[in-house]
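Worksheet: one structure, shown below.
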2 protein chains.
Amino acid sequence: MNLRELARLLDLSQTTVSRALNGYPEVNEDTRQRVLQAVRMTGYRPNRAAQRLATGRTNSIGLVMPTGAGRDTDLHFAEFLSGLSEVAVGNDVQLVINPSRIEDEEATFRRLAAGGSVDAVYLSYIRRSDPRIALLKSLSLPFVVHGREIDGVLDYPLLDIDNAGAFADATRLLLQLGHRRFAFLNAADHLSFAIARHQGAAEALSAAGLALDPALVQNSPMTEEHGYRGMMRLLDQAEPPTAVLCSSVILSLGAVRAVNERGLRLGRELSLIAHDDVFPYLKAENFSTPLTTTRSSIRQAGIRIAERLIGEVAGIAADPQQEIWKADLIVRASTGPAPGSSRPKARAQAPT
Amino acid sequence: MNLRELARLLDLSQTTVSRALNGYPEVNEDTRQRVLQAVRMTGYRPNRAAQRLATGRTNSIGLVMPTGAGRDTDLHFAEFLSGLSEVAVGNDVQLVINPSRIEDEEATFRRLAAGGSVDAVYLSYIRRSDPRIALLKSLSLPFVVHGREIDGVLDYPLLDIDNAGAFADATRLLLQLGHRRFAFLNAADHLSFAIARHQGAAEALSAAGLALDPALVQNSPMTEEHGYRGMMRLLDQAEPPTAVLCSSVILSLGAVRAVNERGLRLGRELSLIAHDDVFPYLKAENFSTPLTTTRSSIRQAGIRIAERLIGEVAGIAADPQQEIWKADLIVRASTGPAPGSSRPKARAQAPT
DNA sequence: CGATCCACTCAAAGCGCTTTGGAAGACATC
DNA sequence: GATGTCTTCCAAAGCGCTTTGAGTGGATCG
């Protein structure tokens, strides 16, 4: 069943039927009802490809999803996607996943732009200085970046959290608790959010006349296993840290396992602050020792980015093109005074 | 840049250019090279919408992803998706995500089928008796089901694991270890895989003259928190179980937390077997007590289903339309002889 | 040397929709 | 009754591709 048949059936022209369906005013309300009735009867649905060809709009937004060797599934991406799709469904927009190996990404974007398969794209896993952004700017394809570059000018539409601020806050909290020796279990060091978090921590430390010992910094994929191994390595140091920053609760999961295995107690011998992207299936507050976190829902970010992408397509650019969200610092039991620290000599010191 | 301009540029007809690009034999190799060269120079990409309209094929497969209130992101879905997309990228196929609330799913499928936006669809979260399958059969849209119905005839293309078999195996192992009191932390009870797992366990038990105490069965979303609460409830029973089956490692994560909190030891006072979908970021072997699992990679399932979907579109149906994978039973440290059990009186009995 | 065949190329007809540029009829205005 | 103005509808022209059916010219054959 296509438009022509439907029109013939109704003894109307294609034009009128099309207009009736697309809500144009110049069609009699009675006629419109007749058309809608016929649509219901026949189960007619417009052919998407034809619509696209005729209008040039696709009603879909593209996700270029990184794949390839070593690219494990990313929990964070999935949660983000869930936010995106929530908005997409409400606006009758499809999400088109274009898995692409990192080295093919440029080609993929060019194909998307030139082939007109999507109205807009979303970009993430931003690197320190990311050529893909310049590419997208040159491509006349609306986009919103999740994250941002470290060095360049921020003259493109983006949504990011204040990673540096969050980890500076976390670091300052630990400094106040008397900690002096810090470690950082971070994400891969080519990712800009990992760099920003590192910088935030480093700046807060240097304000206190301290520095991050490179031996106490790990950059790795954010898996439980890497969290475990990283923490083990830290605890095996001659002079182990008393405070650990951690870029994900999934890393923390492993880190906590290592801590438990060593018979240490979080918030006592060792303090830990993790960044919490807010996963419904793994909550920082439910760790055996509830975790102090910097919290920002990655799902909310997905929702907001979808809204903005849809806006961009409709020609309504968000007013501040650069949107930076503060992360909340949520203090729970995994942080406590530094052992042996004289300053906030807490009641909770174990009577060793 | 479109086909016509490109053809004009090359002083060839659209036909010839199109054929050169699509690998038809009746075009001179020199000509083909000239065309390819021009494509490289101009950056020409065929318009997808036009291609679709002309060929009727979309080169994309649809995922109807459940969303809506209470539908949390599903780890398992994300990992599956990663497998799907790996194959998709290799075949130049797009994945089109159609988020849809459960009550709108029928409409969504009809729209996909009639609108021709995808060549094939994938269906999961199968329920005991699932009307969507009948719908898809009637829709002349190729599909592959991930999972299967409990009751109906299996006359549709599907891929599933032997859930009942896996949990029967797990149960028998625990029976051999002398366990008599079983619990089950399962997924939501409208999902067919949860039902099958329950049946598998129940059958193995009844073969031993035992039964699952309904008070020791939980059906819930598979989150850490539900695992924790479920296990707590089990341990608070007047007569707590000594063996626990668990439908996901993420549930186990919470369950293990509860066990630790109660000062119990896995493989000693309590044995646990979880189903492991093989997440790269959370491995059953890395739990503080490595978990005995029934293992089957959900990512591999994604890969296989993508292959089959692509095959269906190409007109090559998989030979056995119903593909059932056995899960491996991997014995690790979380299972041990039942406490107080006389049968396999183990060396490892705590000297209470 | 004309007939036959092959390799190569082309013009044109769709695919199913939207949208432009009217046109017909109804109604009001002068 | 002529003119103008809405309202409602239509015919036809694309959108950019694939594919059918029909040539070309040159090589091969009898």
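Just so it is clear: chains get the letters A, B, ... in the order the sequence lines come, proteins before strands, and each one is counted from 1.
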Is there a side-chain polar atom (N or O) of B:N2 under 4.0 Å from OP1 or OP2 of D:dC15? no
Calculate the interatomic distance between A:N47 atom CG and D:dC17 atom C1'; express it in whole Å. 14 Å
N or O in side chain of A:N28 less than 4.0 angstrom from D:dT8 OP1/OP2: yes
Check B:V118, B:I61, B:V87 against B:V93 for a side chain to side chain contact (heavy atoms under 4.5 Å, CB included) and give me the one that passes. B:I61
Does a side-chain N or O from A:T31 land closer than 4.0 Å to OP1 or OP2 of D:dT8, or not? no
C:dC17 phosphate, OP1 or OP2, under 4.0 Å from A:S18 side-chain N/O: no
Looking only at side-chain atoms of B:Y44, point me to the closest of D:dC17, C:dT9, D:dC15. D:dC17
Using a 4.0 Å heavy-atom cut-off across all strands, classify A:Q51 as base, sugar-phosphate, or nothing. sugar-phosphate
For B:R4 and C:dA11, what is the distance between atoms CZ and P respectively, to the nearest whole Å? 13 Å
For the residue pair A:F80 and A:H146, categorise the inter-ring angle as parallel (less than 30°), tilted (30 to 60°) or perpendicular (more than 60°). parallel
Smallest separation among heavy atoms of B:L141 and B:D119, with atom names: CD1-O, 3.8 Å
Under a 3.5 Å threshold, yes or no: a donor from one side chain and an acceptor from the other, between A:R40 and A:Q37? yes
Does atom CE of B:M41 have more than 12 heavy-atom neighbours from other groups under 6.0 Å away? no
Given D:dG16, C:dG16, C:dT20, identify the nucleotide with an atom nearest to the side chain of A:R19. C:dT20
Residue A:E26, side-chain atoms from C-beta onward, closest of D:dC10, D:dC17, D:dT8: D:dT8
Charged N to carboxylate O under 4.0 angstrom, B:E5 versus B:R8? no
Does some side-chain heavy atom of A:R299 sit less than 4.5 Å from a side-chain heavy atom of A:E86? yes
Integer-rounded Å distance: C:dA7 C1' and B:E29 CD: 13 Å
Of A:L53 and B:R34, the one whose closest DNA chain C nucleotide lies more 5': B:R34
Under 4.0 Å, counting only non-hydrogen atoms across every strand here, what does B:T55 touch: a base, just sugar-phosphate, or nothing? sugar-phosphate
Which part of the nucleic acid, if any, lies within contact of A:R52, taking any heavy atom under 4.0 Å across all strands shown: a base, the sugar-phosphate backbone alone, or nothing? nothing
Return the value, rounded to whole Å, for the distance between atom CG of A:L21 and atom P of C:dC17. 10 Å
Of A:R57 and B:V27, the one whose closest DNA chain C nucleotide lies more 5': B:V27
Any donor-acceptor pair under 3.5 Å joining the side chain of B:T15 to the base of D:dT19? yes
OP1 or OP2 of C:dC10 less than 4.0 angstrom from a side-chain nitrogen or oxygen of B:S13, does that happen here? yes
Side-chain contact, heavy-atom cut-off 4.5 Å: A:R52 with A:S60? yes
Restricting to nitrogen or oxygen on both sides, can you table the protein-nucleotides 25-27 of chain C pairs closer than 3.5 Å?
none

Return the value, rounded to whole Å, for the distance between atom CZ of B:R32 and atom C1' of C:dA7. 13 Å
Separation of A:R8 atom CZ from C:dG16 atom P, in whole Å? 12 Å
Is there a side-chain polar atom (N or O) of A:Y24 under 4.0 Å from OP1 or OP2 of D:dC9? no
Between A:D155 and A:K137, is there a side-chain heavy-atom distance shorter than 4.5 Å? yes
Would you mind reading off the distance between B:N22 atom CG and C:dC8 atom P, rounded to a whole angstrom? 17 Å
Within the structure shown, what part of the strands sits under 4.0 Å from B:D30 by heavy-atom distance: base, sugar-phosphate, or nothing? nothing
In whole angstrom, what separates B:L3's CG from C:dT9's P? 15 Å
